[in-house]
J.: 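Pasting a structure here, questions to come.
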Amino acid sequence: MIDKTVGSVEEAVAGIRDGATIMIGGFGRAGQPVELIDALIAQGANDLTIINNNAGNGDVGLAALLAKKRVRKILCSFPRQHDSWVFDGLYRAGEIELELVPQGNLAERIRAAGAGIGAFFSPTGVGTQLAEGKEIREIDGRSYALEYPIKADYALVSAYRADRWGNLVYRETARNFGPIMAAAATTTIVQVDELVPLGSLDPESVVTPGIFVDRVVAVGERGWLDAGAFVGGVDIEGRPLAGAAASGTEIDQ
Amino acid sequence: MIDKTVGSVEEAVAGIRDGATIMIGGFGRAGQPVELIDALIAQGANDLTIINNNAGNGDVGLAALLAKKRVRKILCSFPRQHDSWVFDGLYRAGEIELELVPQGNLAERIRAAGAGIGAFFSPTGVGTQLAEGKEIREIDGRSYALEYPIKADYALVSAYRADRWGNLVYRETARNFGPIMAAAATTTIVQVDELVPLGSLDPESVVTPGIFVDRVVAVGERGWLDAGAFVGGVDIEGRPLAGAAASGTEIDQ
Amino acid sequence: MTETATTATRIPREQLAARIAQDIPEGSYVNLGIGAPTLVADYLPEDQEIILHTENGMLGMGPSPVAGEIDPDLINAGKQPVTALAGAAYFHHADSFGMMRGGHLDVCVLGAFQVSQGGDLANWSTGAPGAIPAVGGAMDLAIGAKNVYVMTDLLTKTGESKLVEACTYPLTGVGCVTRVYTDHAVFDVTPDGFAVREAFGDNTVELLAELTGLKLVDASSRGIREGE
Amino acid sequence: MTETATTATRIPREQLAARIAQDIPEGSYVNLGIGAPTLVADYLPEDQEIILHTENGMLGMGPSPVAGEIDPDLINAGKQPVTALAGAAYFHHADSFGMMRGGHLDVCVLGAFQVSQGGDLANWSTGAPGAIPAVGGAMDLAIGAKNVYVMTDLLTKTGESKLVEACTYPLTGVGCVTRVYTDHAVFDVTPDGFAVREAFGDNTVELLAELTGLKLVDASSRGIREGE
């Protein structure tokens, strides 16, 4: 019998070694595997390279991992948020390395790793600072930059439900990076709200087939979601968006 | 109100012009939009380039379109099947051009077109006849060939259910090329067994969001599926697989 | 300069959002950048269906939830809680950005620091030393949508034009902007530079040229100004 | 040659399928090529879970349906009707081949015309003039799976070895085969050429070397032959 479920978050993150590269799912707080990150903090692995869209919110989850100075480098598209004070402090103090990647290139490079693509030509970022040094090629009248896959030793993913084969479904926009990170890591560790019996997930609706999943742990409902104020993004000056609507400097994150 | 549904297959294929490039979904008979192809035959467009995994089965659907000599060129991975006599005859008579593409490169090149990728390096086919003339590059110790997107003027796709926004769900392995072709064509035309009211498809389970769909027509249950004998593949000598198990020359299609 | 500036008509941000909404036809697939562009959603006609995309994985995004109905898994690109309309669909990030990069969005509306007359956009970084860089999905949106609309004030708080000959801030995308909606006027990006498509109130092409310091094409005479 | 061939042990195809099944551990993700490799499914132990992939978009493929239960939308790569197990998942072709190309399958079993001692596989074309070429998913499977097993007769009907120094037929993949299961013996592809992992019946490495015309490594002494 195949049974990828493990009994605790401690068991789920066992064996992650110092120096590992870890993808962490989530877009802000949605889809962030906070319980697994907490277990990783307790587990103690150090000198990590983290791949996430952001660089932590508030003082929990990824932000807490950063605060413990366990992260050598972070690869993300949008570190600066109104509640990214932990990262901000480390960055300004020169205590963390940042590699900034446009969000779509980040997603596609992660997908490429999972799909065995050696490299691909992307139009995103061409002519900007973020494509400096990259190979540029004109194809069919348009300029593209060559982008390489991003893979990882581990992926920590938060999904909604799983069966014991590791088949996953997500909830709403918490899906975000989960499916592509699950496929791009050597070992994929998933937390879910709920484990369900094999056969109860509709095969038409499985988003991540179990082939991409190594360990699954049920964490129940994520209580920390209630705690966090739902103030979302931040403008380019670092102010919460509610106050930013009048600044005229809004960008996407 | 957005309403992408049209009342008939004739309306669905209206405007397809001579010389058009048309993607046709399906793997063998599963997912083949036979009713739309029949309408295309009646519509009369000529000198077509067709992209499909195969080259027609029996005398219906794609095979019937070929038999009418409407197709100048076909791009596929596996033309030779035990019931591909229509294509076989045309090919041997030099009346149709064939471009053979390994199935995974075919799928990924179609996906690339829909996703705005300029080109990508694939390991599939490197060192074989099918990569001759392609740019080869070693990346991280492995050899890859540069592959370009395949796009089309039209995609004809068969799905299971749609709403008036064009959101689609498929049935089982009839999903195959539908989602990637829908995204890779300028105009995507879909036949479904059934139209359902907006809001009745679960947003978690929509496979092709309506953004990729232009016209939808309901065709009811596909009666021709019962008619076709379900003898499937063929060995490399062209014999049905039941008899081929002893030949030792099996390959995948 | 001070003199002309005081006589210039400036429309409020809400009115500008309404003006942009007017140019988005029914059936469009639209991504509204975070911040001011989000306002456009409030002015889309209620009797028309326009489908909103959010880069973090949804089409058919609805308005903010009522209090007490916040779902923490359902957010927009600005990480604010939203709702899903009947007809919505969720997808993962590679699919979402494939949708953008593949040219499937009809319109996106973005903020800007600067737009050049060649259509270059700068909206992700002021290049200020010590600032923490962050780009998010701005570069993907800039090069992906069929129509890239910019919504911005014409002038910075210190009176400098955001429409420029060439951007001095770091670029987000090259030659990607199709139209700029400002508080003074609407400009199209054309091979001949900015064309004034609609000047608000009493603003004239001459005034706008003075404010921006650019040579402008007068395209507003093509039937949309009163009395011509 | 005729003399040695007549004394050689050849096991039936079904027994070979069972032998292959024995080497597939529980929990493996496996793609069985069409034709003979499909037989392997019949010998996978019923009390173990091994998950079958079919390139046309499913994991968790089950056996053939009973008569009258055929679902025309549910087929395998050979376009034969199949069933779905509890725990199955469907996906589209780009995802299915991403799974293969990305190295996520543990094992695939393929037929062959020839396998070279460097692990090159030829199984898609005899290169015969006038033949209609067809490749399907063979090239993707050959380079994608972690372990590429070939299931084949050792000799062609005319007595030529399918294990060769270098393939003369058009290649499917370069250096991709890890093991070859033949009716005479099981061979591993090693840096030193083919190693005889298990010789069936009374077959000896010397006999196999004579039949193939190749210098073979004797790896069968490592504990799996009786009496040693």
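We name chains A, B, ... by the order of the sequence lines, and we start the count at 1 in each one.
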J.: Pair A:D47, A:R72 - check salt bridge (charged side-chain N to carboxylate O under 4.0 Å, His left out), show working.
T.: CA-CA 5 Å; A:D47 195 32; A:R72 187 179 64 73; 3.7 Å; yes

J.: Given the options D:A94, D:A88, D:G144, which has more heavy-atom pairs under 4.5 Å with chain A than any of the others?
T.: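 Most pairs with chain A among the choices: D:A88.
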
J.: Evaluate A:D193 against A:R171 for salt bridge (charged side-chain N to carboxylate O under 4.0 Å, His left out), listing each step before the verdict.
T.: CA-CA 10 Å; A:D193 289 15; A:R171 269 196 87 232; over 6 Å; no

J.: With a 4.5 Å cut-off on heavy-atom pairs, point out which of A:T208, A:I117, A:L198 contacts chain D the most.
T.: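 Max contact count across the listed options: A:L198.
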
J.: For A:G210, is there any backbone N or O sitting under 3.5 Å from a side-chain donor or acceptor partner on A:N167?
T.: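 Yes, because the side chain of A:N167 sits within donor-acceptor range (under 3.5 Å) of the backbone of A:G210.
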
J.: Verify the neighbour count for atom NZ of D:K215: are there more than 12 heavy atoms of other residues, nucleotides or ligands below 6.0 Å?
T.: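 Atom NZ in D:K215 is not packed in, count stays at 12 or less.
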
J.: Please rank D:A86, D:G27, D:G103, D:G60 by heavy-atom pairs under 4.5 Å with chain A and give me the top one.
T.: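 Result: the option with the highest number of such pairs is D:A86.
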
